[in-house]
Every structure is written in structure tokens, then in C-alpha cells.
Amino acid sequence: MDNKQSLYYALGIFAYAIAKADGKIQQEEMEELHKIVSEELDHNMDFQYVEIIFKILQKDKAGFEDVHKWALDALEKGKYHLTPEIKEQFIQVMKRVGDAFPPKTDEEHQMINTFIQEIRDFKVNMTID
């Protein structure tokens with residue numbers, strides 16, 4: 001996995017955390033995630049990493065703190081490929097995932113806002129390879 005793919009790995013982890021906030025992830029939620037990712041991200045990008053990590057984490061019993069740290073580490077690794085356009089795509093995915101996985105509690109709303117702010121706070125490198 002290269003550094004740009006790490007961004008999508010991070011998005012998968014963030015999406016998993018949001019979807020998992022209200023309990024067990026159901027099959028229909030997995031299908032909805034696929035739909036959201038397909039609609040929001042460019043099809044020629046490495047968005048399959050989002051779905052792969054989502055499936056892997058579903059089998060893992062890691063707590064929120066571990067999952068959050070993994071997401072931030074992956075985002076840090078790929079941050080030099082994080083353009084304003086990719087940031088906006090990620091934010092839209094996270095908002096839609098939050099809306100698609102009810103009930104939306106105050107805790108989940110705060111989690112989404114925290115993730116969005118963390119993405120916005122990453123410095124964008126305007127010279128992308």
C-alpha cells in the first residue's frame with residue numbers, strides 16, 4: 001500500500017468507527033457503505049481500501065481508541081496526497097455514513113464532527129506526485 005492508498009485506509013477506519021458507534025454492523029449497512037463510497041469517490045481511485053479495512057475491522061474486536069489511532073496514523077502517512085478535493089470527498093462520505101447508520105446519538109454526532117475537523121486540520125501539500 002502506498003501513501004495515497006493510506007488515505008483510503010484511513011477513510012475506511014473512520015467510516016467503520018461511525019457505523020459501529022450504534023452497535024453491530026449489519027449486512028445492509030455494508031451495502032450502504034459500498035453505495036456511499038462508490039457515489040462520493042472517483043471510481044479510478046483506490047476506494048476499495050475503504051471497504052477492505054471496513055471488513056477487516058468488523059472481525060477485529062479493537063476499541064474506539066485503537067481504531068481512532070489507526071485512522072490518524074494512516075491519514076498522517078498519506079497527508080501529502082490530501083488535496084482539498086479529497087478532503088471534501090472524505091467529509092461527504094463521513095456525513096453520509098453517519099446519516100445512513102441510525103440512530104444518530106449525540107456521541108456519534110460528536111465523533112463525526114471530530115473526524116471532520118481532524119481531516120480539515122491536516123496540511124495540504126499542493127505539489128502532488
Side-chain angles (χ1 to χ4, degrees):
M1 176 168 50
D2 67 24
N3 287 342
K4 187 172 184 180
Q5 292 164 337
S6 291
L7 294 176
Y8 298 95
Y9 181 83
L11 182 60
I13 296 170
F14 283 135
Y16 171 83
I18 293 167
K20 182 91 169 138
D22 66 351
K24 189 173 187 230
I25 299 168
Q26 306 297 324
Q27 180 60 36
E28 59 271 10
E29 292 174 321
M30 289 292 296
E31 293 166 6
E32 184 64 18
L33 174 70
H34 177 80
K35 178 183 172 197
I36 290 168
V37 170
S38 295
E39 290 174 359
E40 292 293 336
L41 301 181
D42 295 337
H43 292 283
N44 59 353
M45 293 185 158
D46 295 310
F47 69 83
Q48 71 270 17
Y49 283 93
V50 174
E51 293 176 315
I52 291 168
I53 192 58
F54 203 83
K55 289 176 184 175
I56 290 170
L57 288 172
Q58 207 170 359
K59 295 177 183 176
D60 195 341
K61 302 297 183 205
F64 174 75
E65 292 301 322
D66 289 332
V67 170
H68 187 218
K69 182 181 179 331
W70 295 338
L72 292 178
D73 289 347
L75 196 58
E76 178 68 27
K77 186 174 181 182
K79 73 179 181 181
Y80 294 108
H81 297 280
L82 193 59
T83 65
E85 293 79 17
I86 292 173
K87 282 184 176 187
E88 187 56 35
Q89 287 175 334
F90 283 21
I91 289 166
Q92 290 308 311
V93 167
M94 298 211 314
K95 286 179 179 178
R96 286 189 61 192
V97 168
D99 290 342
F101 298 90
K104 193 170 185 179
T105 64
D106 288 340
E107 182 180 337
E108 184 180 4
H109 183 72
Q110 181 59 39
M111 179 191 313
I112 293 167
N113 287 339
T114 297
F115 290 162
I116 288 171
Q117 192 59 50
E118 288 169 341
I119 287 172
R120 284 187 175 139
D121 287 347
F122 272 85
K123 183 177 160 88
V124 175
N125 181 356
M126 298 311 288
T127 58
I128 299 175
D129 302 336

Report task. Over all heavy atoms of both residues, which pair between Ile36 and Ala100 is shortest? Give the atoms and the distance, please. Result -> CD1-CB, 3.9 Å
Query raised in the report: Under the side chain to side chain contact (heavy atoms under 4.5 Å, CB included) test, which residues partner Gln110, sequence neighbours left out?
Result: Thr114
Report task. Quick one: list whatever passes side chain to side chain contact (heavy atoms under 4.5 Å, CB included) with Gln117, sequence neighbours left out. Result -> Arg120, Asp121
Report task. Begin from the C-alpha positions of Glu85 and Gln89 and carry the test side chain to side chain donor-acceptor pair (under 3.5 Å) through to its verdict. Result -> CA-CA 6 Å; Glu85 293 79 17; Gln89 287 175 334; over 6 Å; no
Query raised in the report: Taking all non-hydrogen atoms of both residues, which atom of Gly98 and which atom of Ile112 are closest, and how far apart?
Result: CA-CD1, 3.6 Å
Requested in this report: Report yes if some heavy atom in the side chain of Ile119 is under 4.5 Å from a heavy atom in the side chain of Met94; otherwise report no.
Outcome: yes
**Report entry** Between CG on residue Leu75 and CD on residue Glu118, distance to nearest 0.5 Å
**Finding:** 8.0 Å
Query - Closest heavy-atom pair and its distance - Ser6, Ala74 - result: CB-O, 3.4 Å
Requested in this report: Determine, for Lys95 against Asp99, whether the closest basic-nitrogen to carboxylate-oxygen distance falls under 4.0 angstrom.
Outcome: no
Report summary line: All heavy atoms of Ile13 vs all of Val67, minimum pair found to be CG2-O, 3.1 Å
Requested in this report: With side-chain contact (heavy atoms from CB on, under 4.5 Å) as the test, would you mind laying out the steps for Leu72 and Phe14 before giving the verdict?
Outcome: CA-CA 9 Å; Leu72 292 178; Phe14 283 135; 4.1 Å; yes
Query - Heavy-atom check, side chain of Lys77 versus side chain of Tyr9, under 4.5 Å - result: no
Report task. Indicate the ring-plane relationship of Tyr8 and Phe90, choosing parallel, tilted or perpendicular according to the 30° and 60° boundaries. Result -> perpendicular
Query raised in the report: If we only count heavy atoms from C-beta on, is the Tyr80 to Asn3 side-chain gap below 4.5 Å?
Result: no
Report summary line: Sequence neighbours excluded, the answer for salt bridge (charged side-chain N to carboxylate O under 4.0 Å, His left out) partners of Glu76 is Lys79
**Report entry** Distance, nearest 0.5 Å, that separates CD of Gln92 from CD of Glu39
**Finding:** 12.0 Å
